[in-house]
Amino acid sequence: MAYEEPITDYDEIVENCTCAFCGCNCDDLDYLVKDGHVVGVRHACRLGASKIMEDMDQRLIVPMVRDDNGELKEVDWDTALDKAAEYIANSIRPVMYGWSETSTECMKEGLALGEYIGAVLDNQATICHGPSLQAVQNAGYPIQTLGEVQNRADVCVYSGSNAMNSHPRHLARYSVFCRGFFRSRGRFDRTVVTMDPKFTDTAKMSDKWIGFEQNGDYGFYNAIRAVLKGKELSQDVISGIPKEDIYELVEEMKNAEFGVLFFGLGLTHTLSKQRNIDIAIKMVQDLNKFSKWGLTPMRGHFNVNGFNIFMAFETGFPFGVDFARGYARYVLGETNTIDLLTRGEPDVFLVIAADPGAHFPNKANQHLAKIPVIQIDIHWGPSTELADVVLPGSFIGVECGGTSYRMDGVLIFMKKAIDKPETCRDDEWIVRELKERVMKLRKEPNVAPEYIPNPAAQ
Amino acid sequence: MHYANTYLDKPVVPDVNINKEGSEIVLKCMLNTGSDIYQGACKKRGSTLKEEYKNVSGTCYMDPRDMEKLGVNNWENVLVKTDWGEVVVNAAASRDAPHEGTVFICKGPWANTVVSSDTYCCSDPTYKGIHCTVEKTDRKVLLMADLMRLVYKKYVDEDDDETIENMPSLGELPVYKKKE
């Protein structure tokens with residue numbers, strides 16, 4: 001990399017901003033602002049800096065609607081909102097997907113709208129940590145905050161997660177390199193173990209790399225659990241790992257003073273899906289017989305955890321909540337976005353602060369090509385290529401304040417630093433406006449039919 | 001205005017120098033998808049229409065030994081096929097090698113075309129551990145907007161893949177009708 005001159009040409013510094021990239025929600029960033037734009041970011045990682053100094057070429061500035069030729073055309077806010085509200089009000093099976101890169105305040109409006117029209121509300125967890133949430137329901141949630149990790153942890157295990165690439169400051173700020181109250185020497189006081197089939201950048205800086213074979217995670221964790229329970233391993237090699245190495249690793253994990261398991265999409269995306277996380281959680285529970293252990297899922301977006309916590313609090317279910325019958329339902333494999341789309345059920349798709357075009361499998365996106373898609377976002381992305389109505393939102397944590405939840409469930413307020421482009425609106429305003437317009441078009445809310453007991457059964 | 005630079009032409013990859021013809025025409029591999037730092041930085045900055053996104057996301061990272069078997073060098077094009085579809089992507093040597101028999105494509109519209117949509121009732125599609133074949137090709141890697149047009153055909157009056165693939169490119173900037 002070529003040397004780059006530091007930025008000296010700026011008007012003001014806005015201190016203590018919160019990064020709107022990953023689940024680390026680093027809240028110590030300083031933005032260098034010139035002429036109402038962020039021209040430099042201090043303390044952020046490459047990812048955070050890149051997101052905050054956005055690409056203005058592709059910023060969505062004006063509301064747009066597709067015309068008869070299939071071309072996007074600039075319209076005024078009223079026209080775009082009315083068009084979107086009309087799609088939603090006339091739909092039978094609307095899906096509202098996204099929410100992870102917007103504020104919790106906006107989700108509140110979204111839930112009110114979803115409940116009113118009987119929509120399915122889902123977020124990015126459905127394609128990333130959904131299996132983790134299912135496993136939490138299956139097996140429990142032995143979690144700790146990242147502050148505890150910083151001050152106490154002496155063994156950090158990264159499993160199926162390449163934190164150096166996807167959460168670059170996680171190791172520096174919360175787990176490995178940082179100094180803590182009981183870990184005053186930082187990195188020297190900690191042991192880092194990476195479990196991943198690939199020799200990732202995280203594995204390269206770890207003390208130990210366990211390169212189990214592809215789809216071998218379930219067998220490997222089972223072997224660890226067996227050894228923890230005092231059993232002898234009968235096979236010499238398990239999931240590509242020699243049994244001696246497993247004994248050694250277990251001994252090390254048992255002797256930890258405070259151990260933490262961070263797990264990522266490497267576990268949730270392989271064949272055993274939530275069973276991988278089940279077994280990892282049970283392994284942590286078993287380890288607690290010998291020492292203190294906790295775990296944290298490495299959440300991707302800055303507020304993906306927020307939607308799950310918010311929905312669990314409001315409706316009882318973390319994601320994939322279906323209001324079609326007038327009450328909240330959550331059926332795995334039925335009310336989740338990918339399953340709905342591959343079955344071809346939805347007739348309107350609202351995507352807010354998410355990018356299904358970039359992250360859904362082909363077969364799911366094929367259905368988006370057949371139905372009206374409403375997009376609320378800040379950048380022109382793959383989803384814009386599939387969208388029929390485009391509503392430009394604002395950038396939480398930079399142009400708009402908002403509340404978000406860090407990956408460990410700690411609540412963080414993200415403050416506003418600069419003004420949004422004049423023609424954009426806050427996500428919260430857009431969703432509230434949509435809700436009011438839909439309510440005008442559809443007078444009756446979607447409620448469950450009155451319960452009439454069957455006289456024959458009495 | 002002087003901005004701090006987060007832009008990048010291509011991801012940094014190890015050098016390989018393969019001069020001879022490959023020994024295999026079609027290579028059977030295991031496909032993994034996921035994110036890396038270049039893909040994340042480019043996607044979240046919003047530069048998805050740009051050449052940069054094509055290079056960071058539409059790239060198949062391979063073990064140099066696999067590249068030798070196919071006879072491909074860095075930034076030559078390969079065709080990746082699975083049961084779910086096929087896509088043309090760049091080939092590049094992996095920074096995480098050795099992982100012979102496994103290829104990695106960062107998430108994005110290119111990877112989406114070939115990943116499995118099977119959720120096994122667990123909400124999550126199978127993005128990792130998919131059987132695929134990799135072969136050398138002369139077809140070019142498409143920019144994001146062109147790829148979306150080819151794969152989903154939502155706003156194009158044409159059904160033939162080859163015709164759509166050879167249509168004029170939609171370019172690297174947003175295309176929409178401004179208000180007069």
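Since the model is a prediction, treat every value here as computed from it, not as a measurement. All values below were derived from every heavy atom in this structure, side-chain atoms included, with hydrogens, water molecules and symmetry-related copies excluded.
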* To do: Check whether Asp355(A) gets within reach of chain B through its side chain, its backbone, both or neither, counting any heavy atom under 4.5 Å.
  => side chain
* Of all of Glu71(A), Lys370(A), Met164(A), Arg59(A), which one pairs up most often with chain B through heavy atoms under 4.5 Å apart? -> Glu71(A)
* To do: Identify the heavy atoms of Val151(B) and Gln366(A) that sit nearest to each other, and give their distance.
  => O-NE2, 3.6 Å
* Can you see which heavy atom on Tyr127(B) is nearest to which on Phe360(A), and at what distance? => OH-CA, 4.0 Å
* **Rounded distance [0.5 Å steps], SG in Cys121(B) versus CD in Gln274(A)** => 10.0 Å
* Asked: Can you say whether Asp157(B) sits under 4.5 Å from chain A via the side chain, the backbone, both, or neither, judging by heavy atoms?
  -> neither
* Side chain, backbone, both or neither of Ile371(A) within contact of chain B (heavy atoms, under 4.5 Å) -> backbone
* Asked: In terms of heavy-atom proximity below 4.5 Å to chain A, should Lys153(B) be classed as side chain, backbone, both, or neither?
  -> neither
* Heavy-atom donor-acceptor pair, Asn165(A) side chain to Asp36(B) backbone, under 3.5 Å -> no
* **His379(A) versus chain B, the contacting section by heavy-atom distance below 4.5 Å** => side chain
* Structure fact -> Interface check, chain A: of Asp124(B), Thr126(B), Leu147(B), Thr48(B), most non-hydrogen pairs under 4.5 Å belong to Asp124(B)
* Polar side-chain atom of Glu74(A) near backbone of Lys179(B) as donor-acceptor pair, under 3.5 Å -> yes
* To do: Please determine if Lys154(B) and Asp388(A) form a salt bridge, counting it only when a charged side-chain N lies under 4.0 Å from a carboxylate O.
  => yes
* For chain B, which of Pro168(A), Gly48(A), Cys128(A) has the most heavy-atom pairs under 4.5 Å? -> Cys128(A)
* Asked: Does the Tyr152(B) side chain pair with the main chain of Leu368(A), one donor and one acceptor, at a distance under 3.5 Å?
  -> no
* Name the region of Val75(A), side chain, backbone, both or neither, that has any atom closer than 4.5 Å to a heavy atom of chain B. => backbone
* To do: Tell me yes or no: between the side chains of Thr200(A) and Asp96(B), is some donor less than 3.5 Å from an acceptor?
  => no
* **Charged tip of Lys198(A) within 45° of Phe104(B) ring normal and under 6.0 Å** => yes
* Structure fact -> Highest number of heavy-atom pairs under 4.5 Å with chain B among Asn336(A), Thr126(A), Val331(A), Thr270(A) belongs to Thr126(A)
* Relative to Phe21(A), does Lys44(B) satisfy both conditions: NZ or CZ under 6.0 angstrom from the six-membered ring centre, and within 45 degrees of the ring's axis? -> yes
* Asked: Looking at Glu334(A), His129(A), Lys273(A), which one has more heavy-atom pairs under 4.5 Å with chain B than the rest?
  -> Lys273(A)
* Asked: So which part of Val65(A) gets closer than 4.5 Å to some heavy atom of chain B, the side chain, the backbone, both or neither?
  -> neither
* Structure fact -> So, the part of Val175(B) with a heavy atom under 4.5 Å from chain A: the answer is backbone
* **Lys50(B) side, atom NZ; Asp55(A) side, atom CG - distance, nearest 0.5 Å** => 3.5 Å
* To do: Give the minimum heavy-atom separation between Gly381(A) and Met144(B), together with the two atoms involved.
  => C-CE, 3.6 Å
* To do: Take Thr33(B) and His359(A) through the side chain to side chain contact (heavy atoms under 4.5 Å, CB included) test and state the conclusion after the steps.
  => CA-CA 11 Å; Thr33(B) 70; His359(A) 303 136; over 6 Å; no
* To do: Walk me through it: do Leu72(A) and Lys177(B) pass the test side chain to side chain contact (heavy atoms under 4.5 Å, CB included)?
  => CA-CA 6 Å; Leu72(A) 280 174; Lys177(B) 276 194 224 159; over 6 Å; no
* Contacting region of Leu173(B) [heavy-atom separation from chain A under 4.5 Å] -> side chain
* Asked: Among Ala125(A), Ala364(A), Gly357(A), who wins on heavy-atom pairs under 4.5 Å with chain B?
  -> Gly357(A)
* Structure fact -> On a heavy-atom basis, the closest approach of Pro125(B) and Ile127(A) is CD-CG2, 3.8 Å
* Check each atom of Phe319(A) against the heavy atoms of chain B and say whether the ones under 4.5 Å are side chain, backbone, both or neither. => side chain
* Check whether Ala387(A) gets within reach of chain B through its side chain, its backbone, both or neither, counting any heavy atom under 4.5 Å. => backbone
* To do: Check the surroundings of atom CG in Asp159(B): do more than 12 heavy atoms from other residues, nucleotides or ligands lie under 6.0 Å from it?
  => no
* Exercise: identify the closest heavy-atom pair between Ala358(A) and Tyr53(B) -> CB-OH, 3.9 Å
* To do: Under 4.5 Å heavy-atom distance to chain A, tell me which part of Ser116(B) shows up: side chain, backbone, both or neither.
  => backbone
* Can you tell me how far CE of Met148(B) sits from OG of Ser383(A), rounded to the nearest 0.5 angstrom? -> 6.5 Å
* Closest approach of Asn112(B) to Pro356(A) (non-hydrogen atoms, all atoms of both residues) -> ND2-O, 4.4 Å
* Asked: When you measure from the side chain of Gln58(A) to the backbone N and O of Gly46(B), does any donor-acceptor pair fall under 3.5 Å?
  -> yes
* Asked: With a cut-off of 6.0 Å (strictly less than), are more than 12 heavy atoms of other residues, nucleotides or ligands near CG of Asp15(B)?
  -> no
* To do: Kindly say whether Ser47(B) contributes a backbone atom to a donor-acceptor pair with the side chain of Asp57(A) at under 3.5 angstrom?
  => no
* Considering only heavy atoms, which portion of Asp67(A) lies under 4.5 Å from any heavy atom of chain B: side chain, backbone, both, or neither? -> side chain
* What is the distance from atom CG of Leu332(A) to atom SG of Cys122(B), rounded to the nearest 0.5 Å? -> 7.5 Å
* To do: Examine whether an atom of His301(A) lies under 4.5 Å from a heavy atom of chain B, and if so say whether it belongs to the side chain, the backbone or both; otherwise answer neither.
  => side chain
* Asked: Relative to chain B, which of Lys363(A), Gln214(A), Met64(A), Lys73(A) shows the most heavy atom pairs under 4.5 Å?
  -> Gln214(A)
